[in-house]
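Here the structure is laid out as structure tokens; the discussion comes afterwards.
Just so it is clear, the model here is predicted, and its values are computed rather than measured.
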Amino acid sequence: MPAWATTTVWKIASLDWPPYASAEMENGGEAIAQLRELLSAQGITLEVDYLPWEQAQTMAAADEYIGYYPAWPSEVKSGFIASQPLSYSPLGLITLQKNTIEYRNLVHLFEQYKVGVVSSYIYPENIQSVLDEYHSTVFYAPTEQALVSMLNRGSVDLILATPKVVNHVAGEQQAKQLRMITQFADVPLVLALKNNEHNQAKLAALNDLILGPSAHKEDFKKPTQVVGTYIKTPGVEPFIKLIEKTYADMGIEVKLEPVPARRGLVLLNAGLTDLDVVRLGANMAQFGNVTVVEPSLASGEHILLCDKDVPCNLAVLSNPNAQILTARGTLESLAQFDIQAKVIINEQLDRTPQLLKRRDVEYAIFSTVEGESEQYLKDFNVVTLRSFRLNHVINNKLDPLLLELQRIITVNLHEFTPSTIETQNVSSQTR
């Protein structure tokens, strides 16, 4: 047994947040079961006390606990340190199927509608800042179950919640009456450990377990050159420069080729390439040989682009007579939305705005860096659907480089500004 594991019992505080954590579930919840399995391989027993969330975070400071889990990074309090992400939870604004919700952007939603949130949660900074700004339209409840009740009574128009949790507490029939309005980037779930010398050793070892054994291959030889791919789409150039600089700082040359969106991941998963510049991190779970590199490079958003002469709202997605151009990965990322329109798959993403301008189709779901969708308003009407995290990804044969990659990316991000607007202008001049 390694030295850091000499304490064979780790005790944590948690909350009732099914299906991620719950004393009522046989496995203790999906997130708890995942942590327990990880630790049991090292001969460590996980003990869990399920408490109201604020109480759990307070109690975790006591000597008998090592920390609390599952927490969002925004909930890691002073005196605690966060592990690598063990999992992720979606987060979005949900309403009843029967409710008509019209909006232009997130600010408009909070200006026009009443939103229910859980009072004990500290939401990610970008979301919490909106809640603080529009406090007059924000209403609090103690749990997700209470949020659903508020929505059913008409006390609020929308609830800010994790879909899997809402579906679990609402029940199968009620869940069918709910629909997603807009979805934010998936939020990491981390273990918050008390920040002391003993736990720092545990944290380092736990992070190694999370990253997996391939991150410590003894026979690994650092390459001098790697081969990678990228999607040819507006705004990719700043990401290419960032990744090229990152590997150059590691003494590695990068050879890159543009590919259609899905093909790049097929090649990467098969080990025929070493990396892809930037991808939607939440979509990588289906590719067993692909590792998502933290931290995120930026946030992106999926937007519905509409011809100026046709209706442009969420109802388009559920209209079986509408035709929508999009990529396979984008469709997978929007699994929480009720899409019944006819979908036309297009993996050549740089062609999407052109096809829409030519009126080959009237609708397209497109992706851009978060906050830059306004550049398309001249030619199209735009509805924001969801946000997501953009990450660099590698084939797991490069996992031994993971910690070095994370460190150098973190440093290089200080001088990184993704800009699809600037890049598009440059591209239009060179075509």
Side-chain angles (χ1 to χ4, degrees), residues 1-91 118-122 142-145 161-162 164-169 186-213 215-216 285 294:
M1 183 181 297
W4 61 271
T6 51
T7 303
T8 57
V9 176
W10 286 19
K11 187 174 183 179
I12 63 169
S14 189
L15 76 165
D16 188 55
W17 198 49
Y20 297 96
S22 175
E24 303 300 319
M25 297 179 67
E26 186 175 348
N27 65 356
E30 296 172 4
I32 297 296
Q34 181 184 14
L35 178 58
R36 179 176 284 117
E37 181 180 357
L38 202 63
L39 295 176
S40 66
Q42 298 296 321
I44 301 171
T45 300
L46 182 68
E47 291 187 358
V48 185
D49 281 348
Y50 296 91
L51 304 162
W53 190 221
E54 288 179 318
Q55 184 183 351
Q57 294 171 77
T58 301
M59 290 293 292
D63 291 341
E64 62 183 299
Y65 297 96
I66 67 161
Y68 55 93
Y69 175 75
W72 293 328
S74 53
E75 297 179 306
V76 178
K77 295 181 177 294
S78 176
F80 289 82
I81 44 179
S83 71
Q84 290 274 349
L86 283 135
S87 186
Y88 294 84
S89 65
L91 186 64
V118 176
S119 57
S120 59
Y121 297 168
I122 300 174
T143 64
E144 277 86 358
Q145 194 158 14
T162 299
K164 287 178 73 172
V165 177
V166 167
N167 290 344
H168 190 96
V169 300
D186 291 355
V187 188
L189 298 178
V190 300
L191 171 61
L193 291 94
K194 283 182 293 190
N195 191 4
N196 57 44
E197 185 176 350
H198 192 50
N199 277 353
Q200 285 174 0
K202 290 181 178 178
L203 177 67
L206 175 61
N207 286 341
D208 283 348
L209 291 176
I210 295 169
L211 296 176
H216 300 280
E294 298 289 350

Do side-chain atoms of S87 reach the backbone of L189 as a donor and acceptor pair under 3.5 angstrom?
no
Return the CG to OG1 distance between L91 and T162, rounded to the nearest 0.5 Å.
5.0 Å
With distance as the sole test, does N195 use its side chain to make a donor-acceptor pair with the main-chain N or O of I81 at under 3.5 Å?
no
Under 3.5 Å, side-chain donor or acceptor atoms of residues 54-64 against the rest of the protein: list the pairs with distances, not counting sequence neighbours.
residue	atom	partner	partner atom	Å
Q57	NE2	W53	O	3.2
T58	OG1	E54	O	3.1
E64	OE1	K11	NZ	2.6

Return the minimal non-hydrogen interatomic distance between L51 and A13, and the atom names on each side.
CD1-CB, 4.4 Å
Quick one: side chain to side chain donor-acceptor pair (under 3.5 Å) partners of W17, sequence neighbours excluded?
Y121, E144
Residues P188 and P73: closest non-hydrogen pair is O-CD, 3.2 Å
Can you tell me if S22 uses its side chain to pair, donor with acceptor, with the backbone of P19 under 3.5 Å?
no
Heavy-atom count check: over 12 atoms from other residues, nucleotides or ligands less than 6.0 Å from Q84 CD?
yes
For residues Y69 and L35, report the shortest heavy-atom separation together with the two atoms involved.
CD2-CD2, 3.8 Å
Close side-chain approach of M25 to I32, heavy-atom, < 4.5 Å
no
For K194, what residues pass the side chain to side chain donor-acceptor pair (under 3.5 Å) criterion, not counting sequence neighbours?
none
Give the C-alpha distance, both sets of side-chain angles, the deciding distance and a yes or no for side chain to side chain contact (heavy atoms under 4.5 Å, CB included) between E24 and Y50.
CA-CA 10 Å; E24 303 300 319; Y50 296 91; over 6 Å; no
Rounded to the nearest 0.5 Å, the CG atom of L39 sits from the CG atom of L209 at a distance of 7.0 Å
